[in-house]
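One structure is given here, and the rest of the page talks about it.
Per chain, numbering begins at 1; letters A, B, ... match sequence-line order. The analysis underlying the following values was restricted to heavy atoms, covering all of them including side chains, and did not include hydrogens, waters or symmetry mates. None of the values given here were measured: they were computed from a predicted structure.
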Amino acid sequence: MANTEQKKIRVATTSLAGCFGCHMSLLDIDERLFTLLEHVEFDRTPLTDIKHCGPCDVGLVEGGLCNAENVHVLREFRNNCKILVAVGACAVTGGLPAQRNHLDLADCLQEVYVTEISLHNGLIPNDPELPLPLDKVHPLHEVVKVDYFIPGCPPSADTLWKFLTDLLAGRTPTLGVELTRYD
Amino acid sequence: MTMQLETAQNPETLRRVAIDPISRVEGHGKVTLLLDEEDHIQQVRLHIVEFRGFEKFIQGRPYWEIPVMVQRLCGICPVSHHLAASKALDQIVGAHHLTPTADKLRRLMHYGQMLQSHALHFFHLSSPDLLFGFGSDMAKRNIVGVAAAYPDVARQGVLLRKYGQEVIRHTAGKRIHGTGSIPGGVNKNLSLAERDELLKDVYQIIGWARGAVHLTKQLFEQNLAEYNAFGRFPSHTFSLIRADGAMDLYHGGLRAKDMDGKTIFDHVNYNHYWEQISEEVKSWSYMKFPFLKVLGPEKGWYRVGPLARVVQCDFIPTPLADKERQDFMAFDAGNPSGSTLGYHWARMIEMLHAAEAIKELLHDDDLQGTDLVVTGERQEVGVGMIEAPRGTLIHHYHVDENDQVIRANLIVSTTHNNQAMNEAVRKVAMQYLDGRKLTEGLLNHIEVAVRAFDPCLSCATHALGKMPLQVELIDAEGKQIDQITRGVCDEPSSCC
Ligand code: SF4
């Protein structure tokens, strides 16, 4: 752990096309959260009310890219974070949401919003307030440069803890076989 | 009154303000406000802006993969999806009565999840608003601020959540996205060592959960007028209910009551849920709007989740939580029932119930049984329902003779609350924002209303949506940052 005298490391996190499981796994460090807070301050994360990422040391991104807004947020993170980390299967490969990549969007829409059993009216949402979906789900590195990839669905709390404590101590993070997993 | 704020007459002449993204909730959503020249509010909408398409892409998969796949809808309540899918698939494999070991193990898993999710929602996400004030300093209004100002509260929140996660780990194999439940039963029991580890802390957990109920009650008492009025509106309620009228978060029949507490229907078998509820689609949200069919889309919308469950059950089958329920119902003539912030109080009562239920289950020898799975005659259709932390969750599958899923319908808890959340947001907009200069603190009042429901916008984005041809990116001050006018793109690098 870094020396407490030092300036706190500023960390931003966001969930794009993910399920928040990677964020939950980060919270699974349990009481170690309080230790982390001695060394880290949060910028935009789902835990704070900062809506846009400012200059940060580390950006942790969960989830792949499924719409234009995800791309926009990712670029905002890349522009502001010195180190950008793809956290979890969705960010690294697209993950489960990328299962839709072999499907035709129009068919999906028709089924979910027009023909499903419990529907009252058939109508496909089309308001300009809704972000443009990409026709495929993409992993982060296809759009921006990514500095570290942490696999797992989600990576375990111990994995994330090791990664962060290495970074805070100024070491190159290494996980080893024990902490690398793909389930 | 609030329905008319759904759609303004002449939107192009109005000023737009967006709260985007809504923070300290799970998932992706935003609120847009349209204001006239005198800052009067003409339109308010809560939009769900993402989609992921689970219903479609699980088609073609072998049915036994489903409980593991669908929990990736949501990392906060994965157990709910894991179990709702398992319950639907129990019917597909003809397992109409699980073994006591399987039934109780799943219940233990579920109550573990109820505990962790309610703790997370209250302590990590919502408590900053309640402890510091809705319009308080934004820099402090988060769990870090709570840890500094109320270290005991923050610590207990973290440890309550941890305990729930440990219950899940011991029953599902993993804290997030485990594999414990399978069609027809479970794949492991609870060993004595695991049981003893959980028993060690359970009394402490019950004590803290009780303290949390008292904290919410105290906050209500201290801010009575404001809390009662905040985003208040009457509505019908909907949940599963046990045959004897008790709260049961794992299984039951359908109960709906109207806004005066009168029964609309009761103990209805959920296998034909579409005879009771239907869903309306609106152009401006990927999340649908369910309603009770007997009352129609205008009048038939309802609330689900902790407030609905606590208000409409006849009793809670554990003593401490039932005592708290009685206090809650007696409080100011039962007023919390219409109050949006009453959700927090009801949520903590349920968290206490979960802790007590876990204790009772841990003392049951059936958890060490070895009879784990049953099968029977195959069926084509299965419907599974469960009370997830945020409300009633429905999974519905058709499986063909090749064991492949051919159709799926998922109605998640947050979807049931769609209209209610929109009502609350409009109500608060009129109460606090109308005619005033908007500040960050005022806008946070809207988010406080959204947070009371603990919406899981992550779950709510499972459906696929349409590609609008134009997208504008506008910041919280209404300034346009970016505009996209292309169609769907193949190459991410060429778009945006
Ligand atoms: S990697 Fe897994 S846990 Fe993380 S966001 Fe994706 S589905 Fe959720």
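Taking 4.5 Å as the limit, every side-chain heavy atom of A:Phe42 sits out of range of all side-chain heavy atoms of B:Asn142.
Salt bridge status for A:Lys51 with B:Asp20: absent, with no side-chain N to carboxylate O gap under 4.0 Å. Using a cut-off of 4.0 Å between Lys/Arg side-chain N and Asp/Glu carboxylate O, A:Asp28 and B:Arg169 are scored as not salt-bridged. Ion pair A:Glu129/B:Arg16 flagged as a salt bridge, since at least one NZ, NE, NH1 or NH2 atom sits closer than 4.0 Å to an Asp/Glu carboxylate oxygen.
Between B:Ile76 atom CD1 and A:Leu27 atom CG the span is 9.5 Å, to the nearest 0.5 Å. How far CZ of B:Arg161 is from CE of A:Met24: 6.0 Å, rounded to the nearest 0.5 Å. Interatomic distance, B:Ser283 OG to A:Leu130 CG, rounded to the nearest 0.5 Å: 8.0 Å. For the atom pair A:Gln99 CD and B:Lys56 NZ, the distance stands at 14.0 Å (nearest 0.5 Å). Taking CZ of B:Arg141 as the reference point, atom CG of A:Leu47 lies at 13.5 Å (rounded to 0.5 Å). In this structure, the separation between NE2 on B:His177 and CG on A:Leu96 is 9.0 Å, given to the nearest 0.5 Å.
Heavy-atom distances place the side chain of B:Gln59, and not its backbone, under 4.5 Å from chain A. Residue B:Leu159 touches chain A through its side chain alone, counting heavy-atom pairs closer than 4.5 Å. For B:His124, the parts sitting under 4.5 Å from any heavy atom of chain A are the backbone and the side chain alike. Within the 4.5 angstrom heavy-atom criterion, atoms from both the backbone and the side chain of B:Glu280 approach chain A. B:Ala139 does not touch chain A: none of its heavy atoms, backbone or side chain, sits under 4.5 Å away. Of the two parts of B:Ser285, only the backbone, made up of N, CA, C and O, holds a non-hydrogen atom closer than 4.5 Å to a non-hydrogen atom of chain A. Heavy atoms closer than 4.5 Å to chain B are found nowhere in A:Asn101, neither backbone nor side chain. When heavy atoms are compared at a cutoff of 4.5 Å, B:Glu447 approaches chain A solely by way of its side chain, counted from C-beta outward. If you measure heavy-atom distances from B:Arg45 to chain A, the contacts under 4.5 Å come from the side chain alone. Residue contact with chain A, scored on non-hydrogen atoms closer than 4.5 Å, involves the side chain of B:Tyr273 exclusively. Contact of B:Lys174 with chain A is made through the side chain alone, with heavy-atom distances under 4.5 Å.
Of the candidates B:Trp301, B:Phe291, B:Phe289, B:Phe291 is the only one forming a ring-ring contact (aromatic ring centres under 6.0 Å, His included) with A:His120. Applying side chain to side chain contact (heavy atoms under 4.5 Å, CB included) to B:Arg24 and the options A:Thr45, A:Thr48, A:Asp49 leaves one that passes, A:Asp49.
Of all heavy-atom pairs spanning A:Pro46 and B:Leu125, the tightest one is O-CD2, 4.1 Å.
Interface remark: of the candidates A:Ser25, A:Cys153, A:Ala157, A:Gly63, A:Cys153 forms the most heavy-atom pairs closer than 4.5 Å to chain B. Your options are B:Val68, B:Asn409, B:Val158, B:Asn444, and the one with the most heavy-atom pairs under 4.5 Å with chain A is B:Asn409.
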